[in-house]
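Small disclaimer: the values here were computed from a predicted structure and weren't measured.
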Amino acid sequence: MAAGTYKIYAKAKQYIGNGTITLGAGVFKMSLHRASASAAILVLSTRSTFASIPGEISAVGGYVAGGRNLVPATAQWVVGASAKQYKFTYSTVGLVFTASGASLSNIKYAVLRNSTGAGAGKVLCFVTLSTAAFTITSPNTVSILPPATGVFTMA
């Protein structure tokens with residue numbers, strides 16, 4: 001699935017600037033969230049912790065609460081379109097979520113965070129996966145690909 005545009009939380013910019021979040025180090029995870037989380041997820045100005053983002057899908061059908069590690073787990077901070085630009089990204093094959101034995105229901109958003117433990121850490125950004133909520137039925141998968149230009153860039 002070619003996801004939409006990633007939107008960075010304002011506090012994440014502050015945390016990147018002051019070193020609280022180190023891009024390319026530590027563990028970054030992607031979690032899936034329901035459409036009902038819209039009111040909270042879309043507030044870019046004040047969200048800072050994973051605990052402040054509600055509506056994660058249920059831990060069923062192979063989905064683990066808190067989401068999955070990006071590949072590589074630290075993600076990557078690499079040269080972008082020019083030598084003066086860097087992009088934060090993850091594996092070009094994306095991150096695959098598989099419904100196994102039960103459906104993964106009511107998915108609309110994916111949230112990236114710098115994980116400091118189970119269900120903990122600072123949120124970095126989110127992406128709207130679809131205009132409407134969708135379900136992945138067992139045994140199907142969804143692959144969430146990073147944009148070719150990266151999740152976000154700094155020039």
Side-chain angles (χ1 to χ4, degrees), residues 1-9 11-12 15-16 20-44 46-78 80 86-153:
M1 161 178 285
T5 303
Y6 282 83
K7 293 169 183 66
I8 303 171
Y9 290 100
K11 289 286 191 178
Y15 294 146
I16 291 166
T20 300
I21 294 176
T22 303
L23 300 174
V27 174
F28 287 83
K29 291 189 175 231
M30 178 184 288
S31 55
L32 302 177
H33 295 260
R34 298 185 290 274
S36 61
S38 294
I41 284 181
L42 300 176
V43 179
L44 294 174
T46 59
R47 298 295 174 204
S48 63
T49 64
F50 187 63
S52 71
I53 306 291
E56 185 177 12
I57 67 168
S58 300
V60 299
Y63 182 80
V64 177
R68 298 199 47 219
N69 289 2
L70 294 183
V71 179
T74 59
Q76 302 173 75
W77 193 234
V78 297
Y86 277 81
K87 64 182 179 179
F88 181 75
T89 193
Y90 57 98
S91 171
T92 57
V93 298
L95 195 59
V96 179
F97 291 90
T98 303
S100 177
S103 295
L104 305 181
S105 300
N106 200 18
I107 301 165
K108 186 169 182 182
Y109 303 102
V111 173
L112 296 184
R113 79 174 194 281
N114 179 229
S115 178
T116 57
K122 305 290 187 196
V123 290
L124 183 60
C125 56
F126 80 93
V127 64
T128 302
L129 299 173
S130 176
T131 56
F134 63 93
T135 295
I136 306 165
T137 57
S138 182
N140 295 302
T141 64
V142 64
S143 296
I144 303 172
L145 306 171
T149 57
V151 172
F152 61 86
T153 61

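- T116 is not listed as a side-chain neighbour of F50, based on a closest heavy-atom distance of 4.5 Å or more.
- Rounding to the nearest 0.5 Å places OG1 of T5 at 10.0 Å from CZ of F126.
- When atom types are taken as modelled, the side chain of H33 and the backbone of P54 share a donor-acceptor pair closer than 3.5 angstrom.
- Using modelled atom types, no side-chain atom of S103 and backbone atom of S105 make a donor-acceptor pair closer than 3.5 Å.
- When all heavy atoms of T98 and V96 are compared, the pair lying nearest together is OG1-CG1, 3.9 Å.
- Side chain of R47 to backbone of A40: a donor-acceptor contact under 3.5 angstrom is found.
- Counting heavy atoms from C-beta outward, L32 and L129 have side chains that approach closer than 4.5 Å.
- Taking every heavy atom of both residues into account, I144 and A110 meet most closely at CD1-CB, 4.3 Å.
- Atom CD1 in I57 sits 8.5 Å away from atom CZ in R34 (nearest 0.5 Å).
- Scanning both residues, A35 and A133, for their nearest heavy atoms gives CB-CB, 4.1 Å.
- The structure places CD1 of I41 at 10.0 Å from OG of S52, a figure rounded to the nearest 0.5 Å.
- No donor-acceptor contact under 3.5 angstrom links the side chains of S31 and Y63, judged on distance only.
- Annotation: side chain of K108 is in contact with side chain of T128 (closest heavy-atom distance under 4.5 Å).
- Taking the side chain as every heavy atom from C-beta outward, V78 and K87 approach each other to under 4.5 Å.
- Residues V71 and L95 have side chains in contact (heavy-atom distance under 4.5 Å, counting atoms from C-beta outward).
- A donor-acceptor distance shorter than 3.5 angstrom exists from the side chain of R113 to the backbone of A120, with no hydrogens or angles considered.
- Distance NZ/K29 to CG/L124: 15.0 Å, rounded to 0.5 Å.
- Remark: F88 pairs with F28, F152 by the ring-ring contact (aromatic ring centres under 6.0 Å, His included) rule, at least two apart or across chains.
- Rounding to the nearest 0.5 angstrom, the gap separating the OG1 atom in T135 from the CG atom in N106 is 6.5 Å.
- Here the side chain of T89 pairs no donor or acceptor atom with the backbone of G150 at under 3.5 angstrom.
- Counting non-hydrogen atoms of other residues, nucleotides and ligands closer than 6.0 Å to NZ of K122 gives a total above 12.
- The distance from atom CG of L112 to atom OH of Y90, rounded to the nearest 0.5 Å, is 6.5 Å.
- The minimum heavy-atom distance linking L104 with G61 is given by the pair CD2-O, 3.8 Å.
- Within the 4.5 Å cutoff, the side chain of L70 has heavy atoms near those of the M30 side chain.
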